[in-house]
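Below is one structure, written out as structure tokens, with a few remarks after it.
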Amino acid sequence: MENPYQPTEAPIEDIIEETPNIKTFVLRPRKPIEFQAGQFVQITAPGWGEAPFTPSSSPYEKERLEVTIMQVGTVTSILHNLYPREVIGIRGPYGKGYPLEKFYGKEVVIVGGGVGLAPLRSLLLTLFEQIEKFPRVRLRYGARSPKDLVYKNSLKEWSRRENVEVVTTVDMGDETWTGHVGLVTTILDDLKGNANTVAVVCGPPIMMRFVTLKLLDCNFSSENIFLSLEKNMSCGIGKCGHCMLGKYYVCRDGPVFTYAQIKDLPAIFD
Amino acid sequence: MPDNYDIYFISRDNLNRLWEKLVIEFNLYFLQDFEGQLFYQLIDSPERLRNSPPPVYDRFRSVISMKAFFFLPRQKVGGYFSPESSSLSPVSRPRMIVGLKACDLIALRTLDQVFLEEATEEPLYRIYRENTFLISSDCTDSLEVCFCTLLGYHPYPDQRFDWNLSPLKEGFLVEVGSLQGAKLLNSYQPFFRNFSPDQITSREENRQLIQNQVMQRNRDFFISRPYHEVIKANFESRVWEEKSQECIECIACIHTCPTCYCFFLSDQRLFMEYQRFQNWDACYYAGFARVAGGANPRALMVERWRHRYVHKFDYYRDRYGWDACSGCGRCIAVCPAKIDMRDTIKRLSQEHSLTGVRK
């Protein structure tokens with residue numbers, strides 16, 4: 001019988017420094033991890049413990065899996081001190097990813113904040129593989145400063161695609177920045193929600209709260225706002241209790257939820 | 001009385017002789033009295049069986065719940081990355097637990113659902129469960145804290161046992177509750193006799209007596225609506241704040257509760273291999289739901305305290321159809337602040353929420 005707590009070996013092929021405290025780890029799991037955009041994996045810092053991350057690579061990529069990790073606590077600090085060729089553990093994929101069939105034929109608005117762009121990148125790459133199904137993809141991305149933007153090169157490349165619009169902003173500019181300055185909510189004014197638009201949001205909880213309110217203001221319905229929630233997780237399979245949000249286990253019923261599903265639950269953006 | 005279960009009779013003497021046979025194959029866990037309370041004692045050899053008093057078959061439930069037979073406070077659940085490091089083989093001899101009560105078996109339903117759910121079944125729990133023979137018995141007495149009747153249950157088992165013993169003056173009625181139970185009884189058939197209708201009548205009378213006793217104990221706590229309705233309807237009530245202020249977060253209730261199953265996984269390195277452990281955890285801890293970035297959805301004690309009850313009676317029931325509580329009363333018995341769940345629910349049912357805690 002399979003042991004759900006047993007991690008698979010995942011050697012690190014490469015480490016890309018995105019920002020001073022964010023690194024993308026390119027892994028080659030010994031066993032392929034076939035995930036859908038929005039699902040997550042549990043990464044093991046060997047001998048220490050695990051933390052959940054949503055892969056940022058394309059689900060179509062079979063050999064490699066990328067996770068973008070911000071250094072915040074114990075496990076992430078240990079991961080940030082590793083080098084290529086070292087081996088970490090991986091378990092998953094878990095949870096429910098983005099329900100693509102609900103996006104077909106619709107304009108997809110994607111709003112990211114900081115390292116929250118990581119799961120959204122996986123979604124974008126998935127959409128690009130079947131771009132004919134989506135009339136337009138609009139990415140609105142904000143970070144604290146130009147140094148904190150992730151996937152800087154990809155952002156340029158994506159904006160060159162047909163039917164893909166990319167608008168970036170930073171909370172605080174610097175001497176090199178010539179783009180928009182302001183919170184990511186300030187670049188959403190031109191959006192209009194209707195039956196043919198969906199919005200996907202991921203970022204720090206406080207950003208998700210204000211972006212959700214803004215989207216509702218722009219007439220997006222709560223069934224059409226998709227959020228990627230983060231929680232303290234241990235088992236990742238809906239038993240240990242850490243990730244409970246109201247009656248849901250975020251690891252099992254999420255991490256992707258519509259705003260309609262969660263809006264009446266306690267402390268959703270805490 | 002269900003009529004698809006087989007029932008037999010065994011005399012006390014024959015049951016004592018039967019243990020002498022069974023101890024050769026099983027590790028027996030008998031209930032023994034220690035200062036008026038009941039604790040499990042391991043009997044793993046004929047010699048120890050001879051030197052120990054006979055088990056307590058009746059009275060009431062054990063102090064320590066049966067949870068730790070299937071889900072240890074700390075257990076190795078994996079190892080990486082070699083195949084040898086990941087092996088799990090925790091049971092050398094099958095076990096037989098004697099004296100489980102109705103509330104233990106009700107609680108087992110909750111644990112079985114969580115740990116044996118398809119697609120994410122836990123190998124370790126399966127091993128322990130398959131290697132344990134469950135012998136339950138009717139309650140003949142109750143503790144001050146027992147309240148199974150308030151939840152609609154009764155103090156005699158009707159599910160999930162292999163054998164159930166109903167004490168009579170001359171011996172026991174043994175009710176078979178599983179295929180495994182039937183097989184074992186068949187292989188020791190000579191020890192058993194057919195039952196007589198009088199014995200069934202006695203059993204029913206005894207059961208009615210103990211049911212009434214428990215209901216009488218709880219007459220001051222009786223409320224007309226089910227617990228889950230009251231809890232679901234009063235999320236905002238200030239009763240949660242009042243009651244949770246007494247709580248000192250000692251976590252005794254959670255460890256002793258047979259239906260609390262939250263845990264955390266921890267890793268450690270041992271020489272050349274890494275080991276993964278599963279450890280009991282408690283949602284009352286301040287950091288239980290806190291993320292590394294600092295956010296905490298239940299930062300206040302009242303939020304955490306309320307969450308546990310709402311999980312047991314609202315969220316769990318919503319997903320699986322029953323409450324994650326058996327009415328065993330262990331939480332009431334161990335609480336140093338003397339918080340009594342029956343009083344909490346009663347107060348909730350009487351309150352009309354005016355002011356509440358933040359949602």
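Please read all numbers here as calculations on a predicted model, not as lab measurements. Order of the sequence lines sets the chain letters (A, B, ...), proteins ahead of strands, with each chain counted from 1.
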Worked check of side chain to side chain donor-acceptor pair (under 3.5 Å) between A:R252 and B:T120: CA-CA 11 Å; A:R252 199 167 100 159; B:T120 55; 5.4 Å; no
Chain A neighbours within residues 309-316 of chain B, where any heavy atom lies under 4.5 Å away: B:H311, B:Y315
What part of [X] is in contact with chain B, defined as an atom under 4.5 angstrom from a non-hydrogen atom: side chain, backbone, both or neither?
X      : result
A:T8   : backbone
A:Y94  : neither
A:M233 : neither

Chain A contact via [X] - which portion, at a heavy-atom distance below 4.5 Å:
X      : answer
B:Q278 : side chain
B:R319 : side chain
B:L270 : neither

Nearest non-hydrogen partners of [X] and [Y], listed with the distance:
X      : Y      : result
A:D270 : B:A295 : C-CB, 3.7 Å
B:G287 : A:N232 : O-ND2, 3.8 Å
A:Q6   : B:S86  : NE2-CB, 3.2 Å
A:S234 : B:L265 : OG-N, 2.8 Å
B:Y80  : A:P7   : CD2-CG, 3.5 Å

Pair B:R276-A:N3, side-chain contact (heavy atoms from CB on, under 4.5 Å): steps then yes or no: CA-CA 12 Å; B:R276 175 157 292 169; A:N3 184 345; over 6 Å; no
Ring geometry between B:F263 and A:Y5 (parallel below 30°, tilted from 30 to 60°, perpendicular above 60°):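 The rings of A:Y5 and B:F263 stand perpendicular, inter-plane angle above 60°.
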A:K239 side chain vs B:V114 backbone, donor-acceptor pair below 3.5 Å: yes
Main-chain N/O of A:W48 paired to B:Q268 side chain as donor or acceptor, under 3.5 Å: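 Such a contact is absent between B:Q268 side chain and A:W48 backbone.
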From A:C240 atom SG to B:Y261 atom OH, the distance as rounded to the nearest 0.5 Å: 10.0 Å
Spatial distance of atom NE2 (A:H242) from atom OH (B:Y285) [nearest 0.5 Å]: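 If we round to the nearest 0.5 Å, A:H242:NE2 and B:Y285:OH are 10.5 Å apart.
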